[in-house]
Structure formats: structure tokens, C-alpha cells
Amino acid sequence: MSTSYDVVIIGSGAGGGTLAHALAGSGKRVLVLERGGFLPRERENWDEKAVCLDRRYATAERWRDADGREFAPSVHYVVGGNTKMYGAALLRLRAHDFAEVRHHGGTSPAWPIAYEQLESYYSAAERLYSVHGRRGADPHDPPSSTPYPFRALEHEPRIAELARDLEHQGLRPFPIPLGVRLGETSHATAPIRLARFDGYPDPTEVKADAHVAALVPAQSRGGVTLRTECVVERLLTSTSGREITGVLVRHGDETEVVRGSIVVVACGAVNSAALLLRSANDAHPHGLANRSGLVGRNLMLHHNGMLLAVCDVENPSVFQKTFGLTDFYRGASAHEGHGASEFPLGTIQLMGKPDRWTVEFMAKESSLANRTADDLLAHSVDFFLTSEDLPDPRNRVTVGADGGITLSYLPNNLAAYEALRERTESIVARAELAHGRARPDFLHLRLGIQAVSHQSGTLRFGGDPATSVLDPECRAWDVHNLYAVDGSFFPSSGAVNPSLTIMANALRVGERLLDRLGR
């Protein structure tokens, strides 16, 4: 087996898997190293207890918080990475997110590239991941050169009613752009069924994750080798430290060094930073590419939370995740007892049904504690709220002497999240009251550090090596053949799911790598 390649990609998720697709069939020799194996297609994929309570597919690793407390992170070391479990909501960052933006909690910095430089790659990523949507329906959807590849999913009756109710309030619910392979092509390998989705693997392979949508076709196009169960221990450099000369890989009890003209980290924002920190040497005593001292810093996790509206009427929807709201993305006018906000609040989306143990936890200290989880879920409409987490150098990834990961993290800009939650409760309550129903009861849970949700920012890119780790092409300033294509490159997080931006950027970087290597 060869140990020398044109490009070595570490990680097979949204960034790594998409980059492999961009390089496939080019004549270049590409190696993808994945620390996990293939997630099995089995009945437990949709078993609520196996997935949510027993954590059948999550890593057994334990990380620590700033106080040294261990926690079980919700990360998945499998081919396709965390996209195997994601909800496939594939939204573009808004055009203004690429500029400096003022928030309740401070200012998010500008990106070193403009939206227009990423637009064509967004379109390409939407095609690759079979995105279903309706262009122009989202009031803050940025300009696009192409329509969505496929039409938006239809609402089920209860959700259609709620969407109409919100429109009557002057709001603009829009179809969530979803990456699903619904038979418009010959992709689907099993009968199409959209039910268990957010947080579950999909044995039908209808969900467009990085494994089925990017890696499988990449391998069929040639030039891409995937090796599983390969843990990258560290990156080796030349004496000067300016070049990666080897990737130290552990496979079971054996280790070997593989070499690539270019090495790309795509392990997820936390693990990519941890790998560079573990790779410290005489030329890079504080971690690879860390002249700025920013490797691992500015960790962003988004303020994400679940809000359940428990209503009088039942919600029999099998798949309710079909609309979102960005009316409050850039701020909010005074409305129904709420004052105006000049600052951004965030995004509201419907979500897949949460598991019963989470609902029991959410209800146990509430007035609904005497109702069963099944009853609550039968009557709930379930929302996922996202507000922007601002970069803060004190929020960071570090590694201990044993190589273990510690996340030091304090949330910021929470005023935006709380205002978004209040607005959501208000508009949903108003919708129910308009039908003569009782005001819903609300259950709420903001995700904690263990969710590691929408992780980004730990290897930020920029125009100045003193204030960034990567240059605008996502190449490390200090190591000329080292790149990063996961969410670590984000200088700010916006308030939409980061997956599509990671995918689009991977396609952009893929073009740059082919130019560098000579097409």
C-alpha cells in the first residue's frame, strides 16, 4: 500500500468528504484518513433508546470543561463524520454575515472574503447535496446565481396551518433548505421515508450526508483512497517547521507515517485544533501554525436550543421539519408587547421530534411534570433556535499532557438568544389563540457544552498572520502545505447551520489545491 499521496485529508465529514469529491477524478492521488469506521446500517439506526440514551454511535471519549469536569461530547467518529447524524438543514450564511456585525454582546468580525467569492460554490454544494428549497422565500436568503436543485418539501397539515397563521401575523415562514435524496435521481438505495432525522443516522441513505453524497461518488470517480480506523497522532514537519513531511497514523496497535504534498485537516473545529496543538515541536513549540497564539482560541458553538410548544390539539406530523423563520435575523421591530431590537436575534426552525428522555428532563421541573413524555410529544410542535455566538479568545481548546481535550467556554450574546426565545413563544401563542385554543405551554432547553453544537472558529482565517491562523485560501500562514476545511476556519459564526458553508468552502479550496498541484 502506498504511503505517499498528492493530498492527505484528515477527516471525512462535511469538509473532508466534500474536498475529496472536489479532487476526485483529477488524476491526483488523494488519501482520506478517518479515525472511525463505517456506521452500520441496522435497525438500531432509528431506535430512540439506542441512539439517544445508549449513545450507540457517539464516541466513548470524555472531554473536560474549564473546571476539570468530564463530559461526553456529542461527536461521531465515523465515515461521513457528524453529517451522519445531522439534520441536513443547508442554509447559506447571509451576505451581511461576511461583514462586521454589531450584536447585543459585542461585534462579530468581517471575513477576509466576501459572500460573492463563495456564491458559486454554495450553488455547487447545493447540487452535490441535493438541496430542496424555494429561492426567494427566505427574506434574508442572499443572492443566488441558481435556483435550488429540487423543489421544497411540502408541509404536513398541522405544520401548514401554523405556517399560514404566522403569515397572517406578517411573518414570512419559508421552506427549510434540506439535503435529501428523494428519488429525483437514482441515488436512493431503499424506500424513501422521512421520519427519524435530526440526531439519527439514516439507513435508507436518503439523507444527503458527506459519506453518501460526496465520498461514495468521489471513490467511483477515481483517485480517492479511504482508510478507516486510522487515528492521526500528530503531524511531522521539516526542521524549519515550514512544511509537513509526514502524518503519523495509528491503526490498531501499529503506527506508520504517510506523506502528502499537501495535508488538510478536517477533523472538526475542536479536533483539528487539538491535532495542531499535539503536534508541537522545536520549530512550533506552542503547536503547529501557532505563531499568532490563536490555535484553539475563539471557539464558537452557537447558542442552540429546543423549544417545545405543547398545544391543545395534537400534532400527528411524521416529519415536521419543513419551515423556518429569519424575520428576526437582523433585528426585530416592536411587536405584541416586545420592544424593538436593533441587534440580530437569530434563526427559528422546526426540528425533528426530540427523544422522550430529553422531554422528561425538560418537563420535570415544570407544570407539565405529571404528563407522560409520549403525551407531551403528541401535542408538541418543536422548534430549534439558533443565535450567534461571538468569537472570544478566552473560549478555547487545549490539550493536556495525556493528549486529552479541554474546552474552556463561557457563552456570550445570550440576550439575543433569550429575546429570540421570547419572540418565538409569543408568535406561536398568538397563532394558537387565533383559533380559540389555549395558550401553549412551553418547554425549553438550551444546549450545553456537551452538545459541541455547530463548532467553529478555532483556526480562523484572515488577512493578517498576527490575527489569524490561516490565510484567505485556508492555508496555514506558517506551514506552506497545511490547510484546514472544517468549521475551524470561521472568523464568525452567523446564526444558521454551518454545514453548507463548510461544504462550499471545501469546494473552493479544492479548486485552489488543483491549481497549486497543476491540473
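Quick note: residue numbers are just sequence positions, from 1.
- Checked against side chain to side chain contact (heavy atoms under 4.5 Å, CB included), Ala95 has the following partners two or more places apart in sequence or in another chain: Tyr115, Pro142.
- For Arg242 (side chain) and His480 (main-chain N/O), no donor-acceptor pair under 3.5 Å exists by modelled atom type.
- The salt bridge (Lys or Arg N to Asp or Glu O under 4.0 Å) contacts involving residues 71-82 comprise nothing, where partners must be two or more places apart or lie in separate chains.
- Counting only residues at least two apart or on different chains, the side chain to side chain donor-acceptor pair (under 3.5 Å) pairs with a member in residues 495-510 are Tyr122-Thr501, Gln349-Asn497, Asn505-Arg508.
- Atom CD of Gln455 is separated from atom CE of Met300 by 11.0 Å, given to the nearest 0.5 angstrom.
- The side-chain heavy atoms of Lys84 and Tyr57, taken from C-beta on, include no pair separated by under 4.5 Å.
- The main-chain N or O of Ala60 is found under 3.5 Å from a side-chain atom of Arg62 such that the two form a donor-acceptor pair.
- Using a 4.5 Å heavy-atom cutoff, the side chains of Glu511 and Tyr121 are in contact.
- With sequence neighbours left out, the ring pair (Phe, Tyr, Trp, His ring centres under 6.0 Å) criterion links Tyr129 to no other residue.
- When side chains are defined from C-beta on, Arg92 counts as touching Leu500, because their heavy atoms get closer than 4.5 Å.
- Applying the side chain to side chain donor-acceptor pair (under 3.5 Å) definition to pairs two or more places apart or across chains, those involving residues 457-472 are Ser468-Trp477.
- Between the CG atom in Leu19 and the SG atom in Cys474 there is a gap of 10.5 Å [rounded to 0.5 Å].
- Atom CG of Asn290 sits about 8.5 Å away from atom CG of Asp478, to the nearest 0.5 Å.
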Note to self: Show, in sequence, the C-alpha distance, side-chain angles and deciding distance for Asp389 and His454, and conclude whether the side chain to side chain contact (heavy atoms under 4.5 Å, CB included) test is met.
What the structure shows: CA-CA 10 Å; Asp389 182 17; His454 298 179; over 6 Å; no
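- To the nearest 0.5 angstrom, Arg64 atom CZ is 13.0 Å from Ile449 atom CD1.
- Side chain of Gln117 to backbone of Ala114: a donor-acceptor contact under 3.5 angstrom is found.
- Residues satisfying the ring pair (Phe, Tyr, Trp, His ring centres under 6.0 Å) test with Phe323, not counting sequence neighbours, are His155.
- Screening Glu229, Glu233, Glu256 against Arg250 for a salt bridge (charged side-chain N to carboxylate O under 4.0 Å, His left out) leaves a single residue, Glu233.
- Partner Leu23 forms a side-chain contact (heavy atoms from CB on, under 4.5 Å) with one of Asp6, Leu514, Val509 and no other, that one being Leu514.
- In terms of heavy atoms, Ala210 sits closest to Ser12 at CB-O, 3.8 Å.
- Contact check on Glu42 versus Arg56 returns a salt bridge, with a Lys/Arg side-chain nitrogen under 4.0 Å from an Asp/Glu carboxylate oxygen.
- Between the Ser453 side chain and the Leu301 main chain, a donor and an acceptor come within less than 3.5 Å of each other.
- Evaluation of the ring pair (Phe, Tyr, Trp, His ring centres under 6.0 Å) test over residues 197-235, restricted to residues two or more places apart or in two chains, returns Phe38-His211, Phe197-Phe319.
- A salt bridge is defined here as a Lys NZ or Arg NE, NH1 or NH2 lying under 4.0 Å from an Asp or Glu carboxylate O, and Glu61 with Arg35 meets this definition.
- Of the inter-residue distances, the one linking Leu236 atom CG with Glu243 atom CD reads 12.0 Å to the nearest 0.5 angstrom.
- Within 6.0 Å of atom CG in Asp253, 12 or fewer heavy atoms from other residues, nucleotides or ligands are found, so the atom counts as exposed in its surroundings.
- The distance from the OG atom of Ser493 to the CG atom of Leu390 is 7.0 Å, given to the nearest 0.5 Å.
- Using a 4.5 Å heavy-atom cutoff, the side chains of Val79 and Leu39 are not in contact.
- Asp209 is not listed as a side-chain neighbour of Asp202, based on a closest heavy-atom distance of 4.5 Å or more.
- Surrounding CZ of Arg134 are at most 12 heavy atoms belonging to other residues, nucleotides or ligands under 6.0 Å away.
- Between His251 and Leu33, every side-chain heavy-atom pair lies at or beyond the 4.5 Å cut-off.
- Scored by the side-chain hydrogen bond (donor to acceptor under 3.5 Å, both in side chains) test, Ser408 finds no partners at all (sequence neighbours excluded).
- No more than 12 heavy-atom neighbours from other residues, nucleotides or ligands sit within 6.0 angstrom of NE2 on His286.
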Note to self: As a quick check of understanding, evaluate salt bridge (Lys or Arg N to Asp or Glu O under 4.0 Å) for Glu473 and Arg516, giving each step before the final call.
What the structure shows: CA-CA 11 Å; Glu473 307 302 328; Arg516 176 174 173 174; over 6 Å; no
Could you pull out all donor-acceptor pairs under 3.5 Å where a side-chain atom in residues 263-281 meets a protein atom, sequence neighbours excluded?
unit_1 : atom_1 : unit_2 : atom_2 : d
Asn271 : ND2    : Tyr77  : OH     : 3.0
Ser272 : OG     : Cys267 : N      : 3.0
Ser272 : OG     : Gly268 : O      : 3.3
Ser272 : OG     : Asp486 : OD2    : 2.5
Arg278 : NE     : Gly403 : O      : 3.0
Arg278 : NH2    : Gly403 : O      : 2.7
Ser279 : OG     : Leu235 : N      : 2.8
Ser279 : OG     : Leu275 : O      : 2.7
Asn281 : OD1    : Ala283 : N      : 3.0
Asn281 : OD1    : His284 : N      : 2.8
Asn281 : ND2    : Thr237 : OG1    : 2.9

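- Taking the charged nitrogens against the carboxylate oxygens, Arg135 and Asp141 do have a contact shorter than 4.0 Å, which makes a salt bridge.
- Of the possible donor and acceptor atoms, none in the side chain of Lys207 sits under 3.5 Å from a partner among the backbone N and O of Asp198.
- Under the 3.5 Å distance criterion, the side-chain polar atoms of Thr347 are matched with a main-chain donor or acceptor of Ala495.
- Applying the ring pair (Phe, Tyr, Trp, His ring centres under 6.0 Å) test to Tyr329 and every residue at least two apart in sequence or in another chain returns His96.
- In this structure, a donor-acceptor pair under 3.5 Å is present between the side chains of Thr146 and Ser123.
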Checklist line | His76 vs Asn82, side chain to side chain donor-acceptor pair (under 3.5 Å): CA-CA, chis, key distance, verdict | finding: CA-CA 5 Å; His76 302 83; Asn82 286 321; 3.1 Å; yes
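- By the salt bridge (charged side-chain N to carboxylate O under 4.0 Å, His left out) test, Asp97 pairs with no residue at all, sequence neighbours left out.
- Nearest heavy atom pair, residue Leu299 against residue Tyr409, reads O-CE1, 4.1 Å.
- In this structure the side chain of Asn481 never reaches within 4.5 angstrom of the side chain of Ser261, judged on heavy atoms.
- Contact of the Lys321 side chain with the Leu178 side chain is registered, since non-hydrogen atoms from C-beta on lie closer than 4.5 Å.
- The shortest heavy-atom contact between Val452 and Pro73 is CG2-CB, 3.9 Å.
- Partners of His21 under the ring pair (Phe, Tyr, Trp, His ring centres under 6.0 Å) rule, at least two apart in sequence or in another chain, do not exist in this structure.
- Crowding of Arg151 atom CZ: a count of heavy atoms from other residues, nucleotides or ligands under 6.0 Å not exceeding 12.
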